Amino acid sequence: MKICLVEFSLGPKIPKAGILALATYLNNRGHKIPLVDLGLTPKSQIRQPSFFKNRAKKILRYKPDAIGFSTVSNSLPSFLLIAKHCKKLAPKTPIIFGGPEVSFEEIPLLKTFPQVDIVVRGEGEISLSKLCEALEQKQGLSTVMGITYRKKGRIIRNPDQPLIRNLDDLPLPDFSLIPNLNKYSGVLVEAGRGCPYHCTFCSTCKMWGERFRIKSPKRLVQEIKKASRISKVDIIHDNLLVNRRWTEVFLGLMAKEKIEWNCTTRLDLLNKNLIKKLKRANCRHIYLGIESGSKKIQKQINKNLNIETLLPIIKALSQNRIKCGLYFIIGLPGEKTGDINQTLQLALESRQNSNVSVVHMNHLTIFKGSKLYLQAKRYKNKIRPLQTTLFEEYSLIKNHPDIFPSFFYFKFNRASPEFLENLSILYTLLLDYFPKTTLMIVKAFSITPYKLGTMAFTFFEKEKINWEPYWKQKENNNLYLKYFILSIILFLKSLLDSRHGKQAAPIIEMLKLEGKRTQK
């Protein structure tokens, strides 16, 4: 059977590990698997009104027996619109949706969108393989576990498919299945699935059945060696270093290889001794989800990090030449201005270390399957959907808020979600381009980071600077980025011009220095 699998690659152009695992599994069972990555589509074409129909035509050129869409929250609207055109052009071709965005509450999706015939829930290898066999042999679907489907106007939900016990049983990923592999900037190696932690904003636990599984160290090293022959390697796993015994064996094996790699883990899993071993194992970059600088919010979101250890850990990573990327969230339930200030302040202080490569300040996104999603549904006060530049997507999102919760704002505290969204964008840019200037201003003039944000927006409004999120203008992203950087420089200059004296002079020099760097 020929099943075309469709995805949007991760930026900057990295193919997803999950869809490659699916493709490899199906290919080993004799199915033909054309992969279509819409992330490689030129930006100028993505925003065209004809985009959805043209992508449907591209998919159907493979003459597939079935079409599978691998969805995440931000790709679901586009995939539904492309699937609609596929169904018009090839009405008898089964259309299958899978991935985290459709694995929860899939029945409303099937009831609302007739172009979707079948949903594969959760882990897809076995379910999709059995489904392909049933479709190929024109059998009924009642025995295929882990799927929800439409039959004679009824929605039928089959029992869950048990998870694969040993991930080593999966075949080694076949990178030759990825067309145009030379167009990607790197590859992902999947280390395991699931997470033993239960953060309220995350859907990982529910997606993988509340179970934590990881490949054996020997198997993972085998995959890394294979992937490293193709491109740079990022290990994909929410918390790679959870199991200390496993970690010791894995790092011992990697220390024998001359392969650089990156990974994600938790702050409280790191210590000075482990960081030295990570260095010897050629780890070059670690990403940490910090989320909040407030102890109160850490507890409320069930993250429970000791944030006082962050700066010492960053210093230890720096001493061992391991770069660090940090992720924060504002707009969390229960947050007050003081909590947001603590988050922004911690992010600013962290960014002073040159070894911290990036600090992302994100506004809260609601994901299906998370504990926070259930809480958010009770609020029923969605503000407005995030803008898109295509009417079809915008209309789809607006008319079906329960299908697309991640595109809506939820008001959890007094601050308006729109303000917090803009604050997160402002600080992502400040942290990236003007971290030292910003911290110096905050300290020298006793201005809280939150207050600095409100002053910036007042300035933008007074000067009639069009403060719209630069990522809304996807086809002009670089142009908009330069525009916002210039706007921020104008604001900081105006702020410093109003404060003369010895305190302002060194900050002005720092602004000039960091301003020059933005031109490179």
Side-chain angles (χ1 to χ4, degrees), residues 1-10 13-40 58-72 75 79 86 90 93-99 117-139 141 144-147 161-184 186-193 213 215 219-220 222-231 233 236:
M1 180 179 184
K2 183 188 287 186
I3 175 169
C4 187
L5 297 181
V6 187
E7 68 158 335
F8 261 117
S9 61
L10 300 169
K13 293 184 179 179
I14 298 176
K16 293 176 185 171
I19 200 167
L20 179 59
L22 275 177
T24 303
Y25 192 89
L26 295 171
N27 183 66
N28 283 12
R29 279 152 182 76
H31 302 290
K32 295 180 180 179
I33 317 294
L35 286 177
V36 177
D37 181 3
L38 301 184
L40 296 180
K58 179 179 180 178
I59 292 165
L60 292 172
R61 285 194 201 112
Y62 292 98
K63 297 181 180 180
D65 301 307
I67 304 168
F69 290 89
S70 176
T71 67
V72 291
S75 67
F79 281 171
C86 287
T93 302
I95 292 179
I96 306 160
F97 272 49
D117 299 305
I118 306 163
V119 170
V120 174
R121 309 186 309 269
E123 192 166 70
E125 282 86 356
I126 296 175
S127 293
L128 188 55
S129 176
K130 297 292 184 183
L131 175 59
C132 287
E133 291 173 12
L135 292 173
E136 187 174 33
Q137 297 170 15
K138 301 188 186 318
Q139 297 175 344
L141 304 182
V144 180
M145 302 174 75
I147 68 169
Q161 169 64 45
L163 296 174
I164 298 169
R165 281 191 174 189
N166 186 357
L167 294 179
D168 285 11
D169 293 339
L170 291 171
L172 286 170
D174 185 353
F175 290 99
S176 70
L177 295 173
I178 302 176
N180 305 308
L181 192 55
N182 62 324
K183 292 185 178 181
Y184 292 98
V187 293
L188 298 179
V189 172
E190 183 187 47
R193 297 171 182 178
R213 294 163 295 156
K215 295 171 184 174
R219 162 59 188 263
L220 183 56
Q222 188 180 6
E223 286 194 34
I224 292 170
K225 289 171 69 174
K226 183 177 181 180
S228 68
R229 300 186 194 110
I230 299 165
S231 187
V233 177
I236 185 74

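Heads up: numbering here begins at 1 and tracks the sequence. Treat the numbers as computed from the prediction; the structure is a model and nothing was measured.
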Give every donor-acceptor pair under 3.5 Å between a side-chain atom in residues 163-180 and any protein atom, sequence neighbours left out.
| from | atom 1 | to | atom 2 | distance (Å) |
| --- | --- | --- | --- | --- |
| Asn166 | OD1 | Asp168 | N | 3.0 |
| Asp168 | OD1 | Ser216 | N | 3.1 |
| Asp168 | OD2 | Ser216 | OG | 2.6 |
| Asp174 | OD1 | Ser176 | N | 3.1 |
| Asp174 | OD1 | Ser176 | OG | 2.5 |
| Asp174 | OD2 | Ser176 | OG | 3.3 |

Once you round to the nearest 0.5 Å, how far does [atom1] of [X] lie from [atom2] of [Y]?
| X | Y | atom1 | atom2 | answer |
| --- | --- | --- | --- | --- |
| Leu5 | Asp37 | CG | CG | 12.0 Å |
| Leu188 | Ile19 | CG | CD1 | 12.5 Å |
| Gln137 | Met1 | CD | CE | 11.0 Å |
| Ile95 | Asp117 | CD1 | CG | 6.0 Å |
| Leu35 | Cys4 | CG | SG | 7.5 Å |
| Lys32 | Lys63 | NZ | NZ | 12.0 Å |

Taking the side chain as everything from C-beta on, heavy atoms only, tell me whether [X] gets closer than 4.5 Å to [Y].
| X | Y | value |
| --- | --- | --- |
| Ile3 | Asp65 | no |
| Leu141 | Leu135 | yes |
| Glu125 | Leu22 | yes |
| Lys226 | Glu223 | no |

**Request:** Show your working on side-chain contact (heavy atoms from CB on, under 4.5 Å) between Ile67 and Tyr62 and close with a plain yes or no.
**Result:** CA-CA 10 Å; Ile67 304 168; Tyr62 292 98; over 6 Å; no
If only atom types and distance count, is the side chain of [X] paired as donor or acceptor with the main-chain N or O of [Y] below 3.5 Å?
| X | Y | value |
| --- | --- | --- |
| Ser228 | Lys225 | yes |
| Ser127 | Met145 | yes |
| Thr71 | Gly98 | yes |

- What is the ring orientation for Phe69 with Phe97, classed by angle as parallel under 30°, tilted 30 to 60°, or perpendicular over 60°? tilted
Restricting to non-hydrogen atoms, name the atom on [X] and the atom on [Y] that form the minimum distance, rounded to 0.1 Å.
| X | Y | result |
| --- | --- | --- |
| Ile59 | Val6 | CD1-CG2, 3.7 Å |
| Leu26 | Cys132 | CD2-SG, 4.4 Å |
| Ser75 | Phe8 | CB-CD1, 3.7 Å |

task: Tell me, with the steps shown, if Lys130 and Glu133 meet side-chain contact (heavy atoms from CB on, under 4.5 Å).
output: CA-CA 5 Å; Lys130 297 292 184 183; Glu133 291 173 12; 4.1 Å; yes
side-chain hydrogen bond (donor to acceptor under 3.5 Å, both in side chains) filter on Arg29, not counting sequence neighbours, yields Tyr25
